[in-house]
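Working notes, beginning with the structure itself.
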Amino acid sequence: MPRLYLICLLLLSAECWGQKQLQRLVAHADAQVIALDYIEALKYYDQALVLEPNSIALHWKIAQANQQFKDYKTAARYYLKVYEQDPDGQQFPEAQLQYALMLKQQGLYKEALAQFKEVKKFFSEDKKSNGYLKSNQEIIACNWVLKQLKYVSAEELADLKNHPVNTVNAEFAHLFWNDTLVYSSLKADSTAEDQEQILSKQYKLDIYQFPSPKDAQKIVLNGQKTQFEYGNFCIAPDSSFALCSECTRTPNQFRCHIVRVLPQNGSWFLDSTFQLDGLQDSYNSMPYLFELNAQLMLVYSAQKANGLGGTDLWLASVNQEGQIIGNNNLGVLNSIENEVSPWFDPLFKRLYFSSSWHAGFGGFDIFYSNLQADGSFGPPINLGLPFNSPANDLYFFCHADTAYLSSNRLGSLYASHPTCCSDVFYQELLRPKEKKDQIVSETVQVVKLPIKLYFENDHPNPKSTADFTELSYEETYLKYKGQYPVYLQKVTEGRDATATLQQTQSLLEFFEAEVDKGMQDLALFRAQVWQELQSGKQVSIMVQGFASPLAKSDYNVHLTNRRISAIKNYFEEIDGGKFAPYMLTTPSRLQFIEVPMGEYKANKDVSDNYYDQRNSVYSKDASLERRIEIIELRTETLPPR
């Protein structure tokens with residue numbers, strides 16, 4: 001009995017020791033996460049996992065730490081473990097959502113899409129919840145990406161070039177000054193070759209120049225305060241002053257505000273006596289100064305109580321004293337998540353920025369917004385490949401004939417894992433010379449409505465009751481054109497020479513005067529639509545569908561819906577997808593008012609005899625019924641934001 005008691009006591013002591021050791025390991029790892037030292041945190045979480053390998057709480061912590069460390073593959077594996085242990089989401093309801101996001105950031109769009117659809121169903125009872133809103137947005141994004149990848153070109157697949165400034169640290173490029181690249185970087189105190197990138201207090205954010213001028217220090221900013229770190233450097237167009245971010249570390253993040261920098265004897269010195277009015281009580285960072293209509297402007301990213309959520313883009317005028325006038329939220333560009341790293345291109349009058357919300361390829365994608373005729377900015381347009389990737393793409397800007405960005409995409413230099421830290425990438429671009437005070441006018445031919453667009457029998461997606469198709473009208477048009485020899489053969493079968501000649505001429509006239517003309521009119525019409533959108537207006541396209549009476553009325557209603565869907569897909573995909581952002585805004589800047597008619601509008605004189613397909617399918621009269629019509633273009637001037 002004493003021996004049994006001793007064994008039980010030893011087991012209990014070992015268990016107590018193990019629990020205390022586990023608590024110590026997890027507490028230390030948690031503290032390292034708060035300090036942003038993810039490598040140290042993960043080492044201790046792994047040690048804790050040896051003691052408790054099936055802990056769902058540990059799996060969640062490891063997944064989150066790897067996500068913050070941008071190790072998407074490992075994060076996905078642990079989020080999946082959490083989801084498999086808690087499929088009903090009782091403890092960690094967002095595990096499957098985070099798993100899907102990590103799949104997307106690996107470029108696994110089809111797999112991610114399937115997960116996002118399940119997540120949307122899971123959160124469907126609360127359509128205002130973050131889980132529902134995010135999963136719904138990512139379904140839109142993944143569908144959009146998969147469409148873009150259908151038509152990807154060799155140029156879009158080409159890798160961007162690595163800049164020689166890159167190291168295993170993180171580099172973020174900002175601008176060129178005196179032919180040197182000014183950039184921010186997280187650099188460690190140690191310069192050992194085997195160092196691993198970590199965002200910890202051993203790493204400090206500062207502003208550097210490359211290549212470093214002779215007899216000059218690499219660090220750009222003089223007069224720094226030791227308790228702060230500095231980044232995001234921009235210079236006023238007349239070089240009279242500059243702005244940068246002054247940051248402190250708080251648990252889990254940087255807290256930054258914008259400060260002024262003054263030139264002195266070819267160097268830059270922090271102006272500690274100056275404060276920007278209205279920016280003291282909020283997170284604000286990533287400033288960019290530019291001139292517009294002879295007025296100095298400041299665009300920056302900030303998190304404010306009156307924002308839309310996360311960090312928003314704000315636009316303000318700057319007076320002669322350097323103070324802000326008229327601080328405006330760029331609402332059309334902002335979302336419930338984060339919009340960051342703005343840069344204004346004076347050549348094309350475009351504002352570039354990165355967003356984690358708008359439909360894109362990765363975590364942060366680069367977008368641009370055109371300055372419109374009414375002085376407002378248009379909806380965000382994804383810059384596309386190769387500038388965007390499944391990873392985070394930030395800090396886009398152009399200098400001379402080269403575009404630059406910062407990204408943690410595959411191909412970055414690293415010491416721990418391939419997507420740890422951002423590098424500077426670039427690609428040559430042919431850019432026209434800036435022509436000042438030149439008014440560019442463009443004449444667009446106005447198309448007479450209605451525009452009639454024709455379809456092959458029971459297409460797209462034959463023998464289906466679906467209301468949507470993935471095909472665009474251009475795809476269905478080309479396929480229909482390719483079927484002309486078949487239609488010609490079928491419509492002339494069993495006819496005498498006179499009737500054959502008549503049917504041949506009639507069918508040829510239909511394909512040339514109706515089918516081809518419809519496609520040509522559509523191309524002219526989209527230019528008209530684009531011009532209206534660029535004037536800042538909301539555009540509504542009234543579309544009406546028709547079908548031959550061969551099938552039942554309810555089937556034809558579905559068929560005409562699919563045909564209307566094809567014309568919407570056409571606008572979403574054509575011209576590199578430039579119309580798509582206008583269709584995704586809330587409210588939609590480009591919307592389609594659908595009037596599907598099915599057989600209700602079909603010509604009753606057209607044969608509906610299935611066994612007489614020569615007349616009910618292949619004849620000109622039957623073919624004329626299989627169409628959609630664009631019957632009206634409505635425009636409305638939007639109220640100022």
Side-chain angles (χ1 to χ4, degrees), residues 447-484 486-488 490-491 503 506-526 528-529 540-574 592-608 613-633:
V447 183
K448 184 179 179 181
L449 299 179
I451 298 173
K452 298 179 181 181
L453 306 169
Y454 294 91
F455 291 82
E456 187 179 355
N457 181 58
D458 198 22
H459 280 71
N461 306 103
K463 300 180 181 180
S464 169
T465 57
D467 287 315
F468 303 96
T469 180
E470 293 185 356
L471 298 173
S472 74
Y473 179 69
E474 186 172 37
E475 291 174 290
T476 64
Y477 160 77
L478 292 172
K479 188 176 185 299
Y480 191 18
K481 282 279 292 180
Q483 290 296 304
Y484 171 73
V486 176
Y487 274 70
L488 183 60
K490 295 291 186 180
V491 81
Q503 290 295 325
S506 178
L507 191 66
L508 179 62
E509 180 185 71
F510 166 71
F511 270 88
E512 291 182 346
E514 299 290 345
V515 179
D516 288 344
K517 184 177 184 301
M519 191 66 196
Q520 293 162 8
D521 286 348
L522 183 60
L524 295 172
F525 179 73
R526 78 170 189 262
Q528 186 179 341
V529 171
S540 300
I541 300 174
M542 181 77 79
V543 184
Q544 192 172 64
F546 300 79
S548 62
L550 186 61
K552 294 181 179 180
S553 295
D554 57 347
Y555 182 87
N556 275 343
V557 170
H558 294 300
L559 178 59
T560 53
N561 281 337
R562 293 200 299 277
R563 289 172 175 171
I564 291 172
S565 174
I567 191 66
K568 294 170 72 173
N569 291 342
Y570 169 84
F571 274 92
E572 187 176 326
E573 298 173 11
I574 201 70
F592 294 79
I593 301 175
E594 305 172 18
V595 187
M597 292 309 227
E599 190 192 9
Y600 306 122
K601 291 285 287 186
N603 186 345
K604 300 300 181 181
D605 294 330
V606 174
S607 172
D608 60 358
Q613 293 196 2
R614 185 176 68 178
N615 292 309
S616 63
V617 173
Y618 298 104
S619 70
K620 175 183 176 181
D621 290 339
S623 298
L624 282 168
E625 293 300 308
R626 297 190 296 266
R627 71 186 189 276
I628 58 175
E629 290 186 2
I630 297 174
I631 60 176
E632 186 179 353
L633 175 64

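Here, residue 1 is the first one in the sequence, and each next residue gets the next number.
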Next item on the list: Any chance you could lay out the side-chain contact (heavy atoms from CB on, under 4.5 Å) test for Leu524 and Ile451, step after step, and finish with the verdict?
Entry: CA-CA 10 Å; Leu524 295 172; Ile451 298 173; over 6 Å; no
Notebook entry, point to check: Sequence neighbours excluded, which residues qualify as side-chain contact (heavy atoms from CB on, under 4.5 Å) partners of Thr476?
Noted result: Phe455, Pro460, Leu471, Tyr473
Margin query: Ala466: which residues meet the side-chain contact (heavy atoms from CB on, under 4.5 Å) condition with it, sequence neighbours left out?
Written below: Ser464, Arg562
Next item on the list: Could you pull out the closest heavy-atom pair between Arg626 and Asp458, with the gap in Å?
Entry: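 The answer is CD-N, 4.5 Å.
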Check: Of all heavy-atom pairs between Gly518 and Leu453, which one has the smallest distance, and what is that distance?
Finding: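 Taking Gly518 first and Leu453 second, the nearest heavy atoms are O-CD2, 3.3 Å.
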Hey, what do you get for [atom1] ([X]) to [atom2] ([Y]), rounding to the nearest 0.5 Å?
| X | Y | atom1 | atom2 | value |
| --- | --- | --- | --- | --- |
| Leu633 | Gln528 | CG | CD | 5.5 Å |
| Glu509 | Leu507 | CD | CG | 10.0 Å |
| Gln544 | Ile628 | CD | CD1 | 11.0 Å |
| Met542 | Ile631 | CE | CD1 | 5.0 Å |
| Asp467 | Asn461 | CG | CG | 11.0 Å |
| Leu559 | Thr469 | CG | OG1 | 10.5 Å |

Next item on the list: Go through the structure and list residues passing ring pair (Phe, Tyr, Trp, His ring centres under 6.0 Å) with Phe510, not counting sequence neighbours.
Entry: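 Scan of Phe510 (ring pair (Phe, Tyr, Trp, His ring centres under 6.0 Å), adjacent residues dropped) gives Tyr454.
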Check: Phe592: what forms a ring pair (Phe, Tyr, Trp, His ring centres under 6.0 Å) with it, not counting sequence neighbours?
Finding: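 Checked Phe592 against ring pair (Phe, Tyr, Trp, His ring centres under 6.0 Å); matches are Phe571.
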Margin query: Glu629: which residues meet the salt bridge (charged side-chain N to carboxylate O under 4.0 Å, His left out) condition with it, sequence neighbours left out?
Written below: Arg627
Notebook entry, point to check: Among all residues two or more places apart in sequence or in another chain, which pass the salt bridge (charged side-chain N to carboxylate O under 4.0 Å, His left out) test with Glu512?
Noted result: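 If we apply the salt bridge (charged side-chain N to carboxylate O under 4.0 Å, His left out) test to Glu512, skipping adjacent residues, there are no hits.
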Item checked: Test item: Phe525 and Leu449 side chains (from C-beta on) under 4.5 Å apart, heavy atoms -> yes
Checklist line | Close side-chain approach of Ile541 to Lys568, heavy-atom, < 4.5 Å | finding: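 A side-chain contact is absent here, since even the closest heavy-atom pair is not under 4.5 Å.
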Notebook entry, point to check: Does CZ in Phe468 sit with more than 12 non-hydrogen atoms of other residues, nucleotides or ligands closer than 6.0 Å?
Noted result: no
Check: Near Glu470 CD, under 6.0 Å, is it more than 12 heavy atoms from other residues, nucleotides or ligands?
Finding: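 It does not: Glu470 CD has 12 such atoms or fewer within range.
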Notebook entry, point to check: Do the side chain of Asp521 and the main chain of Lys452 share a donor and acceptor less than 3.5 angstrom apart?
Noted result: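 Here the side-chain-to-backbone pair does not exist.
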Next item on the list: Could you tell me whether the side chain of Glu475 and the main chain of Ser472 form a donor-acceptor pair under 3.5 Å?
Entry: yes
